[in-house]
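To start, the structure under review is shown below, and the notes come after it.
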Amino acid sequence: MSEIQVTDDSGLRTIRIARPEKKNALTRDMYAAMGAALRDAAGASAVRAVLITGGTECFTSGNDVGDFKARGGEAADVPSPAREFLAALRACPKPVVAAVAGYAVGIGTTMLLHCDFVYAAEGAVFRMPFVDLGLCPEGGSSLLIPQRGGQLLANELLMLGDAFPPATALRAGIVNAVVPVAEVMATAEGVARRLAAKPPAAMATTKRLLRQAGEDALSAHMTEEFARFGALLRGPEAAEAVAAFQEKRKPDFTRFLAAE
């Protein structure tokens, strides 16, 4: 599809999010296309590394709001394309590198937790606004952010939900390095091509060994996150958040009872 551009060149598969008129907001079809590209890369001997990017203007602003609202009516047992995309990203045996510029919101940040290398441009803006949307964290973020950046920083990023700069993303263990925006694509692609030139069996084995110790705990945690996320998505708080966004007003959560 035109909004997800997949190209192969000398062992490197590049997956580019290309919907600039909507700040690269992701629809179900876009998630499905990215998941398919990753699953194909996993089984394609000619693909030795993967690069994910949104270009130098915006990585992704997260879920498309109209698509997001429609998902509120989905049955709880229907696998979502977003969940299947994250599963394909986690399962990819090839090294995955991300180049991030502009906004990385919601899943735009949490997907980075499952990449092997992440390079952010100076001026990039990260945000995980799940609570503000009447939701809970997803993508393993409520487990991985505390592990990598510490509990107090995780509380700030996931409970307050404010935007944060690349320096904070570096502290939180989301990115490897911060570089000038003019260099972010070349830096990420350079690393991806170095990885693609290495022995593929040794690379796949090393990636598997690096990840396997915490895989069971992460899988169980993500399963619980998605279950709770789905329940909240179909709840009144998420409905109020979406309605307020569409009506261009501040959401009012004061009518909802506090959890006991």
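If you read the sequence from its start, that first residue is 1, and numbering goes on from there.
A salt bridge links Arg211 and Asp116; the closest N-O separation between the charged side-chain nitrogens and carboxylate oxygens is under 4.0 Å. Asp9 and Arg193 are joined by a salt bridge, as a carboxylate oxygen and a charged side-chain nitrogen come within less than 4.0 angstrom of each other.
Side-chain atoms of Asp252 and Thr254 form a donor-acceptor pair, as typed in the model, at a separation below 3.5 Å.
Considering only heavy atoms from C-beta on, Met111 stays 4.5 Å or farther from Val96 through its side chain. With a 4.5 Å cut-off on side-chain heavy atoms, Leu26 and Asp64 do not count as touching. Side-chain atoms of His221 and Asp216, non-hydrogen and from C-beta on, never get closer than 4.5 Å to each other. The shortest distance between side-chain heavy atoms of Met30 and Arg19 falls below 4.5 Å. Within the 4.5 Å cutoff, no side-chain heavy atoms of Pro81 are placed close to those of Met34. At least one side-chain heavy atom of Leu112 sits less than 4.5 Å from a side-chain heavy atom of Phe59. Inter-residue side-chain proximity for Glu122 and Val179 is flagged as unmet; no heavy-atom pair is nearer than 4.5 Å. Contact of the Pro165 side chain with the Val125 side chain is not registered, since no non-hydrogen atoms from C-beta on lie closer than 4.5 Å.
Here the side chain of Thr168 pairs no donor or acceptor atom with the backbone of Phe164 at under 3.5 angstrom. At distances below 3.5 Å, not a single donor-acceptor pair connects side-chain atoms of Arg13 with backbone N or O atoms of Val6. Listed for the Lys207 side chain is a donor-acceptor partner under 3.5 Å among the backbone atoms of Lys94. In this structure a side-chain-to-backbone donor-acceptor pair under 3.5 Å is missing from Glu237 to Phe256.
A search for side-chain hydrogen bond (donor to acceptor under 3.5 Å, both in side chains) contacts involving Asp162 returns nothing, not counting sequence neighbours. Glu215 is linked by a side-chain hydrogen bond (donor to acceptor under 3.5 Å, both in side chains) to Arg90, counting only residues two or more places apart in sequence or in another chain.
Annotation: side-chain hydrogen bond (donor to acceptor under 3.5 Å, both in side chains) contacts involving residues 95-115, sequence neighbours excluded, comprise Thr110-Glu138.
Between Lys23 and Cys58 the shortest heavy-atom distance is O-SG, 3.3 Å. Closest approach of Val175 and Ala120 over heavy atoms only: CG1-CB, 4.0 Å. Nearest approach of Leu86 to Gly139, heavy atoms of both residues: CD1-CA, 3.8 Å. When every heavy atom of Ala99 is checked against every heavy atom of Leu51, the shortest pair comes out as N-CD1, 4.3 Å. Heavy-atom minimum distance, Gln5 versus Ala18: NE2-CB, 3.5 Å. Here the closest heavy-atom approach between residue Pro146 and residue Ser141 is recorded as CD-O, 3.6 Å.
Interatomic distance, CZ of Arg234 versus CZ of Phe229, reported as 10.5 Å (0.5 Å rounding). The structure places CE of Met159 at 12.0 Å from CG of Asp132, a figure rounded to the nearest 0.5 Å. Atom CG in Leu233 sits 10.0 Å away from atom CG in Leu133 (nearest 0.5 Å). Rounding to the nearest 0.5 Å places CD of Glu189 at 6.0 Å from CG of Leu12. To the nearest 0.5 angstrom, Thr27 atom OG1 is 9.5 Å from Asn63 atom CG. Between the OG atom in Ser80 and the CZ atom in Phe226 there is a gap of 6.0 Å [rounded to 0.5 Å].
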Phe130 and Leu232: CA distance, side-chain angles, deciding distance, side chain to side chain contact (heavy atoms under 4.5 Å, CB included) verdict: CA-CA 10 Å; Phe130 302 111; Leu232 288 168; over 6 Å; no
Steps toward side chain to side chain contact (heavy atoms under 4.5 Å, CB included) verdict (Val131, Leu158): CA-CA 7 Å; Val131 170; Leu158 291 167; over 6 Å; no
Derivation and outcome, side chain to side chain contact (heavy atoms under 4.5 Å, CB included), residues Ile174 and Leu144: CA-CA 9 Å; Ile174 298 170; Leu144 296 174; over 6 Å; no
Test side chain to side chain contact (heavy atoms under 4.5 Å, CB included) applied to Ser61 and Asn24, step by step: CA-CA 6 Å; Ser61 57; Asn24 286 349; 5.7 Å; no
Evaluation steps, salt bridge (Lys or Arg N to Asp or Glu O under 4.0 Å), between Arg249 and Glu240: CA-CA 10 Å; Arg249 60 175 173 81; Glu240 165 62 11; 2.8 Å; yes
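Connection of Val181 to Val105 is not established within any shared hydrophobic cluster, with ILVMFWY side chains joined at heavy-atom distances below 4.5 Å, either directly or through further cluster members. Following chains of ILVMFWY side-chain contacts shorter than 4.5 Å, one cannot reach Phe126 starting from Tyr119, and the two form parts of different hydrophobic clusters. Note: the hydrophobic cluster containing Val118 also contains Leu113 (ILVMFWY, side chain heavy atoms under 4.5 Å, direct or indirect links). One hydrophobic cluster holds both Val100 and Leu89 under the rule that ILVMFWY side chains link at heavy-atom gaps under 4.5 Å. In the hydrophobic cluster analysis, where Ile, Leu, Val, Met, Phe, Trp and Tyr join through side-chain heavy atoms closer than 4.5 angstrom, Met185 is grouped apart from Ile17.
Within 6.0 Å of CZ on Arg148 lie more than 12 heavy atoms contributed by other residues, nucleotides or ligands. For Phe253, the CZ atom counts as densely surrounded, since its 6.0 Å shell holds more than 12 non-hydrogen atoms of other residues, nucleotides or ligands.
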